[in-house]
Amino acid sequence: MAEARPGRRTGSRRGQRRQPATWEISDSDAEGAAAPEVGARGRGAAGKSKAAAGALRSDQVLKRLAVCVDPAVLEDAGSDILMEALGALGCECRIEPQRLARSLQWSGGRPDPGTSGVPPELCNEDECEQLLLLEPQEFLRGAAQLTQMTSPPSNLPWLSAENPARPHLAVIGLDTYLWSHKPSVQKRQQLERTKEAQTTVTISWPEVEEALVLLQLYADLRVLLVDSWQELSQHVCAFTKALAQRPSKQYRDSQAFPFCTTGRWASGLKVTRDGSGLRGVWLRQIGQFNRVSPAVADAVITAFPSPRLLQQALMACSTEQERLGLLADLPVKTLGDRQSRRVGPDLSRRICLFLTTTNPDFLLDLAS
């Protein structure tokens with residue numbers, strides 16, 4: 001019995017099944033040698049990206065987020081609704097005196113510096129968001145002051161140089177307060193003759209709306225008008241969830257292609273090493289051309305099962321005219337159509353230019 005010599009490879013052996021040819025979409029034949037190195041770098045980058053995405057997940061950020069509530073807020077009977085909503089949300093709730101009385105402040109939520117894959121600008125960067133709760137009478141005083149100014153105001157209510165942050169404003173029960181304190185004509189005349197007119201604010205809804213516009217134009221302050229503590233609690237919880245989602249959105253927008261989202265629905269078809277899935281990818285590629293039906297795309301990939309085979313056939317053509325019309329006479333099979341159809345010269349020209357042109361700005365579709 002003859003033995004195979006060491007170091008010598010036999011070309012083929014009887015009794016072995018020959019593996020079918022597989023096709024891969026690649027730019028060069030020399031990329032196989034660098035595949036392990038590229039794969040290792042890709043796995044390392046993917047691991048860092050996964051770690052960063054995990055550290056910036058909204059549920060993880062929500063656990064690190066703290067809502068600081070001024071003790072003056074708890075003096076209101078409806079504040080229990082707000083505290084219960086914050087407790088059920090899962091974030092940390094602190095009772096601490098704030099620079100602005102009757103205010104809420106959000107802090108924390110950012111990951112620690114040095115977290116794998118997280119950009120430094122996204123670490124320990126607190127926005128110092130504040131929400132100031134105002135009584136209806138207090139808000140109306142400031143609104144009346146704004147509407148009486150004839151020039152752009154230099155000093156706006158609820159803003160001070162000591163507090164660099166611009167708080168959001170919230171007023172509970174303003175509509176009910178205005179209707180209950182709307183004076184009659186007789187009472188209004190009496191108020192104008194007494195000193196009580198100097199302490200009681202009488203302002204109408206149009207003037208309130210004017211004050212809201214002035215606050216947004218000159219100070220970028222937005223006022224939240226709610227009817228109850230229940231509605232305020234819903235807004236605070238929604239705002240807290242939005243803050244928890246902000247780091248992950250900023251990280252996604254900082255990537256090279258922020259519009260490419262992860263997920264099974266966006267991953268597309270995969271081509272395995274044995275060639276499975278290549279037909280579906282190639283069919284989708286041809287189907288992206290304008291005015292191409294599934295039957296026409298199927299005719300192209302049936303004749304040339306992979307892009308490499310079609311490229312090789314195009315390069316084997318001797319003239320440019322032959323190359324542009326290579327796919328023109330391919331038959332197209334359609335159900336219930338007695339007339340014979342073919343791919344046609346227009347699509348043949350577009351596919352040929354798509355696979356052979358080196359100009360990235362070349363217009364493939366002359367009809368577009």
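None of the values given here were measured: they were computed from a predicted structure.
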Show the numbers, then the answer: is there a side chain to side chain contact (heavy atoms under 4.5 Å, CB included) between Leu100 and Asp70?
CA-CA 8 Å; Leu100 296 177; Asp70 188 80; over 6 Å; no
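- Taken from CG in Leu232 to CG in Leu104, the straight-line distance is 7.5 Å, to the nearest 0.5 Å.
- Between Arg141 and Glu138 there is no salt bridge, since no side-chain nitrogen of the basic residue lies less than 4.0 Å from a carboxylate oxygen of the acidic one.
- Annotation: the span from Gln285 atom CD to Leu278 atom CG amounts to 11.0 Å, rounded to 0.5 Å.
- Side-chain atoms of Trp282 come within 3.5 Å of backbone N or O of Phe304 as a donor-acceptor pair.
- Partners of Arg342 under the side chain to side chain contact (heavy atoms under 4.5 Å, CB included) rule, at least two apart in sequence or in another chain, are Ala328, Asp329, Pro345.
- Of the possible polar contacts, none joining the Gln216 side chain to the Val213 backbone as a donor-acceptor pair under 3.5 Å is found.
- Between Leu82 and Ser233, the shortest heavy-atom distance links the atoms CA-OG, 3.2 Å.
- Looking only at distances, no side-chain donor or acceptor of Arg341 sits under 3.5 Å from a matching main-chain atom of Val296.
- Distance check: Gln137 CD to Leu174 CG gives 10.5 Å after rounding to the nearest 0.5 Å.
- In summary, Lys63 and Asp59 do not engage in a salt bridge, as defined by a charged side-chain N under 4.0 Å from a carboxylate O.
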List the steps and the verdict of side chain to side chain contact (heavy atoms under 4.5 Å, CB included) for Trp229 and Leu133.
CA-CA 11 Å; Trp229 278 91; Leu133 305 182; 3.8 Å; yes
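- Closest approach of Gln245 to Ser248, counting heavy atoms only: O-OG, 2.9 Å.
- Within 6.0 Å of CD in Glu320 there are more than 12 heavy atoms belonging to other residues, nucleotides or ligands.
- Here the closest heavy-atom approach between residue Val332 and residue Ala299 is recorded as CG2-CB, 4.1 Å.
- Of the residues listed (Val69, Leu131, Leu89), the one engaging Val236 in a side chain to side chain contact (heavy atoms under 4.5 Å, CB included) is Leu131, and it is the only one.
- Contact record, Ala297 with Leu283: CB-CD1, 3.6 Å, taken as the closest heavy-atom pair.
- Relative ring orientation between Phe139 and Trp158 is described as parallel, the plane-to-plane angle staying below 30° on a 0-90° scale split at 30° and 60°.
- With Thr176 contributing its side chain and Gly173 its backbone, the two residues share no donor-acceptor pair below 3.5 Å.
- Contact check on Glu129 versus Arg246 returns a salt bridge, with a Lys/Arg side-chain nitrogen under 4.0 Å from an Asp/Glu carboxylate oxygen.
- A donor-acceptor pair is defined here as one N or O able to donate and one able to accept, closer than 3.5 Å; no such pair exists between the side chain of Ser348 and the backbone of Gly344.
- Side-chain contact between Leu243 and Val61 is absent, with no heavy-atom pair separated by less than 4.5 Å.
- Atom CG of residue Leu86 and atom CD of residue Glu92 lie 11.5 Å apart, to the nearest 0.5 angstrom.
- The minimum heavy-atom distance linking Ile95 with Pro71 is given by the pair CG2-CG, 4.2 Å.
- Following chains of ILVMFWY side-chain contacts shorter than 4.5 Å, one cannot reach Leu224 starting from Leu217, and the two form parts of different hydrophobic clusters.
- Classification of Arg102 and Glu135 as a salt-bridged pair holds, one side-chain N sitting under 4.0 Å from a carboxylate O.
- For the 3.5 Å distance criterion, the side chains of Asn359 and Thr357 fail to qualify, holding no donor opposite an acceptor.
- Across Asp298 and Thr302, no two heavy atoms sit closer than the pair O-OG1, 2.6 Å.
- Residue Val208 forms a side chain to side chain contact (heavy atoms under 4.5 Å, CB included) with just one option from Asp175, Leu178, Val223, and that option is Leu178.
- Following chains of ILVMFWY side-chain contacts shorter than 4.5 Å, one cannot reach Leu327 starting from Met315, and the two form parts of different hydrophobic clusters.
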Run the numbers on Leu326 and Leu310 for side chain to side chain contact (heavy atoms under 4.5 Å, CB included), then give the verdict.
CA-CA 10 Å; Leu326 178 65; Leu310 181 54; 4.2 Å; yes
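- The side-chain heavy atoms of Leu212 and Leu225, taken from C-beta on, include a pair separated by under 4.5 Å.
- Between the SG atom of Cys237 and the CD atom of Gln234 there is a distance of 8.0 Å, given to the nearest 0.5 Å.
- Distance CZ/Phe289 to CZ/Phe354: 5.0 Å, rounded to 0.5 Å.
- Looking at Arg350, its side chain never comes within 3.5 Å of a backbone N or O of Leu364 through a donor-acceptor pair.
- Residues Arg323 and Cys352 are in side-chain contact: their nearest non-hydrogen atoms beyond the backbone lie under 4.5 Å apart.
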